[in-house]
**Student:** 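First the structure, then my questions, so here it is.
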Number of protein chains: 2
Amino acid sequence: MGYLRIGELARLTDTNNETLRFYESRGLLEEPRRSDSGYRLYTQAEVLRVHFILRAKRMGFSLKEIDELLSLRVDKELNTCGTVKELAEHKLLEIDMKIKELNRMKDALQQITDACCGGEESAIHCTILNALDAE
Amino acid sequence: MGYLRIGELARLTDTNNETLRFYESRGLLEEPRRSDSGYRLYTQAEVLRVHFILRAKRMGFSLKEIDELLSLRVDKELNTCGTVKELAEHKLLEIDMKIKELNRMKDALQQITDACCGGEESAIHCTILNALDAE
DNA sequence: CTGTACCTTATAGTAAGCTTTAGGGTTTAT
DNA sequence: ATAAACCCTAAAGCTTACTATAAGGTACAG
Ligand SMILES: [Zn+2]
Ligand SMILES: [Zn+2]
Ligand SMILES: [Zn+2]
Ligand SMILES: [Zn+2]
């Protein structure tokens, strides 16, 4: 009574049964209790936990990192803000590096693309192709 | 005489034998002529081609897209700047979308991270953990 | 009692871009 | 002649985050 089966948890969290079982296999969800017939039985706590996972994913954390965050979350009183903030700042640095890398790509590609006429004549003089070819 | 074996091509392009064979398997490099003993024999043209591939990779093109670019490059006179520029602009859009996505992540994470004290006391009140938990 | 929706497991497949392994020939220097 | 360095193929493995398939058992409505 009050228990959720996997499909219901999936619906409530906008995921699906396979993903939830996958998260369990990766340790992101604890093994839930089972019904007599072996069905997984969840509580509201798991709804919150899945939402936590999804939010962390949207922040750019990998499942492995989310696993760490979850362990911190489980016994908050035993862990410090310092530990949590370190993880977050590390991730921020990674995101920043990716952004910089993409901006480098973008600028380089934008430059050779702007120079290309984009016309219907032959691409022999194409700045894009030629830039990729240049020594 | 004048031919390069795979290891030499790898050295000249700062790649390795396996990667070059992999590129061949993906159609990025043509099947080269072979020595009597079956060794791949390359010319300077392949050095240029591998450099093309590497530059395109640095611009963010996938191997599949590079394959397309290479076909365009091979007979430039049969293709138009318009075709090439279309590929480039499509890729620019993709890069832009990734940058925006990462910036969204960064801003959200930055906000909850800035609010975290990062101190040595228990994480019960941690803004990071709590933000990930919040409904 | 039968259909349908739901659940179970284990295993394999997907994407990208390689890397590694296994097992076996070739070239070159000493 | 032999060791080191080099090459070959085919196949498997790696990473991330799932998704799909096969071959079932269970719950419940009509
Ligand atoms: Zn042009
Ligand atoms: Zn052009
Ligand atoms: Zn704090
Ligand atoms: Zn904190």
Side-chain angles (χ1 to χ4, degrees), chain A residues 1-29 31-42 46 49-50 52-70 91 94-95 98 101-102 105, chain B residues 1-29 31-42 46 49-50 52-70 91 94-95 98 101-102 105:
Chain A
M1 156 119 306
Y3 284 112
L4 303 166
R5 299 200 306 198
I6 195 166
E8 291 159 330
L9 180 57
R11 246 169 270 127
L12 287 173
T13 56
D14 200 26
T15 57
N16 62 60
N17 302 13
E18 291 71 35
T19 300
L20 292 175
R21 281 191 286 256
F22 174 69
Y23 286 168
E24 182 182 320
S25 80
R26 304 300 301 271
L28 297 180
L29 295 175
E31 297 196 1
R33 53 167 306 198
R34 300 290 186 122
S35 73
D36 289 348
S37 52
Y39 287 15
R40 286 170 178 79
L41 297 177
Y42 298 103
E46 272 73 52
R49 194 163 172 129
V50 175
F52 182 99
I53 294 171
L54 298 177
R55 271 192 210 93
K57 258 168 59 79
R58 284 200 294 276
M59 302 279 187
F61 289 98
S62 70
L63 295 191
K64 198 178 160 216
E65 290 161 337
I66 295 172
D67 195 23
E68 285 189 76
L69 285 171
L70 280 166
K91 179 50 67 179
E94 279 184 17
I95 294 175
K98 274 190 209 160
E101 164 78 7
L102 285 172
M105 283 181 182
Chain B
M1 148 127 308
Y3 283 112
L4 302 167
R5 299 200 306 199
I6 196 168
E8 292 159 330
L9 181 57
R11 247 169 268 126
L12 287 172
T13 56
D14 200 27
T15 57
N16 63 60
N17 302 13
E18 290 72 36
T19 300
L20 292 174
R21 282 191 286 256
F22 174 69
Y23 285 168
E24 183 183 319
S25 80
R26 304 298 301 270
L28 298 180
L29 295 174
E31 297 196 359
R33 53 168 304 201
R34 298 290 184 122
S35 73
D36 289 349
S37 53
Y39 285 16
R40 287 169 176 80
L41 297 176
Y42 297 103
E46 272 74 51
R49 194 163 171 127
V50 175
F52 182 99
I53 294 171
L54 298 177
R55 269 191 212 93
K57 257 169 59 79
R58 284 200 293 277
M59 303 279 186
F61 288 100
S62 70
L63 296 191
K64 198 175 160 218
E65 289 161 338
I66 295 172
D67 196 22
E68 285 189 78
L69 285 171
L70 280 166
K91 179 50 68 179
E94 279 183 16
I95 294 175
K98 275 189 208 162
E101 164 77 6
L102 285 172
M105 282 181 183

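First the proteins, then the strands, lettered A, B, ... as listed; each starts at 1.
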**Student:** Within this structure, what is the CG-to-C1' distance between A/Leu9 and C/dT8, rounded to whole angstrom?
**Tutor:**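 From A/Leu9 CG to C/dT8 C1': 16 Å.
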**Student:** Whole angstroms only, please: what is the CZ-P distance between A/Arg33 and C/dC7?
**Tutor:**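 So the two atoms are 16 Å apart, to the nearest Å.
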**Student:** Does D/dC18 have its OP1 or OP2 closer than 4.0 Å to a side-chain nitrogen or oxygen of A/Tyr23?
**Tutor:**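 Checking A/Tyr23 against D/dC18: at least one side-chain N or O falls below 4.0 Å of OP1 or OP2.
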**Student:** Are any non-hydrogen side-chain atoms of B/Leu29 and B/Ile53 less than 4.5 angstrom apart?
**Tutor:**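 Yes - at least one pair of side-chain heavy atoms lies under 4.5 Å apart.
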**Student:** What I want to find out is whether B/Glu94 reaches B/Lys91 closely enough, with some N-O distance under 4.0 Å, to be called a salt bridge.
**Tutor:**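 A salt bridge is present here (some side-chain N lies under 4.0 Å from a carboxylate O).
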**Student:** Roughly how many Å is it from CZ in A/Arg26 to P in D/dT16, rounded to a whole number?
**Tutor:**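 Value for this atom pair: 7 Å.
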**Student:** Let me know the distance between CD1 of A/Ile6 and P of D/dA27, rounded to the nearest Å.
**Tutor:**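 For the pair A/Ile6 CD1 and D/dA27 P, the rounded distance is 16 Å.
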**Student:** Round to the nearest Å and state the distance from A/Leu41 atom CG to C/dC6 atom P.
**Tutor:**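 Distance check: A/Leu41 CG to C/dC6 P gives 16 Å.
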**Student:** What closest approach, in Å, do B/Thr19 and B/Asn16 show between heavy atoms, and which atom pair accounts for it?
**Tutor:**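 Looks like N-OD1, 2.9 Å.
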**Student:** Could you state the atom-to-atom distance from CG of A/Leu63 to P of D/dC18 in whole Å?
**Tutor:**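 These atoms are roughly 5 Å apart.
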**Student:** Can you name the one residue among B/Arg11, B/Arg40, B/Glu24 that meets side-chain contact (heavy atoms from CB on, under 4.5 Å) with B/Ile6?
**Tutor:**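 Testing each of B/Arg11, B/Arg40, B/Glu24 against B/Ile6, the sole residue satisfying side-chain contact (heavy atoms from CB on, under 4.5 Å) is B/Arg40.
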**Student:** Which nucleotide in the list D/dC8, D/dA17, C/dT8 gets nearest to the side chain of A/Ser62?
**Tutor:**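 Among D/dC8, D/dA17, C/dT8, the one nearest the side chain of A/Ser62 is D/dA17.
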**Student:** Report, as a single string ordered 5' to 3', how protein heavy atoms within less than 4.0 Å touch nucleotides 19-30 of chain C: B base, S sugar-phosphate only, - not at all.
**Tutor:** SB----BBS---
**Student:** On the six-membered ring of B/Tyr42, is B/Arg49 placed so that its NZ or CZ lies under 6.0 angstrom from the centre and within 45° of the ring axis?
**Tutor:**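 Judged by the rule (NZ or CZ under 6.0 Å from the ring centre, within 45° of its axis), B/Arg49 is not positioned above B/Tyr42.
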**Student:** Consider the side chain of A/Arg34, meaning its heavy atoms from C-beta on, and name the nucleotide among D/dA17, C/dC18, C/dT9 that approaches it most closely.
**Tutor:**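 The closest nucleotide is C/dT9.
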**Student:** Whole Å only: how far is the CD1 atom of B/Ile53 from the C1' atom of C/dA16?
**Tutor:**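 Rounding to the nearest Å, CD1 of B/Ile53 and C1' of C/dA16 are 15 Å apart.
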**Student:** Looking at A/Arg40, does any N or O in its side chain come under 4.0 Å of the phosphate oxygens OP1/OP2 on C/dC6?
**Tutor:**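 Answer no for this pair, as no side-chain N or O of A/Arg40 is under 4.0 Å from OP1 or OP2.
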**Student:** Does B/Leu54 reach the side chain of B/Thr15, with side-chain heavy atoms less than 4.5 Å apart?
**Tutor:**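 Side-chain contact under 4.5 Å: yes.
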**Student:** Any idea which heavy atoms bring B/Arg5 and B/Glu8 closest together, and the distance?
**Tutor:**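 Scanning both residues completely, I find the closest heavy atoms to be N-OE1, 2.7 Å.
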**Student:** May I have the distance from B/Asn17 (atom CG) to D/dA10 (atom P), rounded to whole angstrom?
**Tutor:**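 Result: 17 Å.
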**Student:** Closer than 4.0 Å, any side-chain N/O of B/Lys57 to the OP1 or OP2 of C/dA16?
**Tutor:**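 Checking B/Lys57 against C/dA16: no side-chain N or O falls below 4.0 Å of OP1 or OP2.
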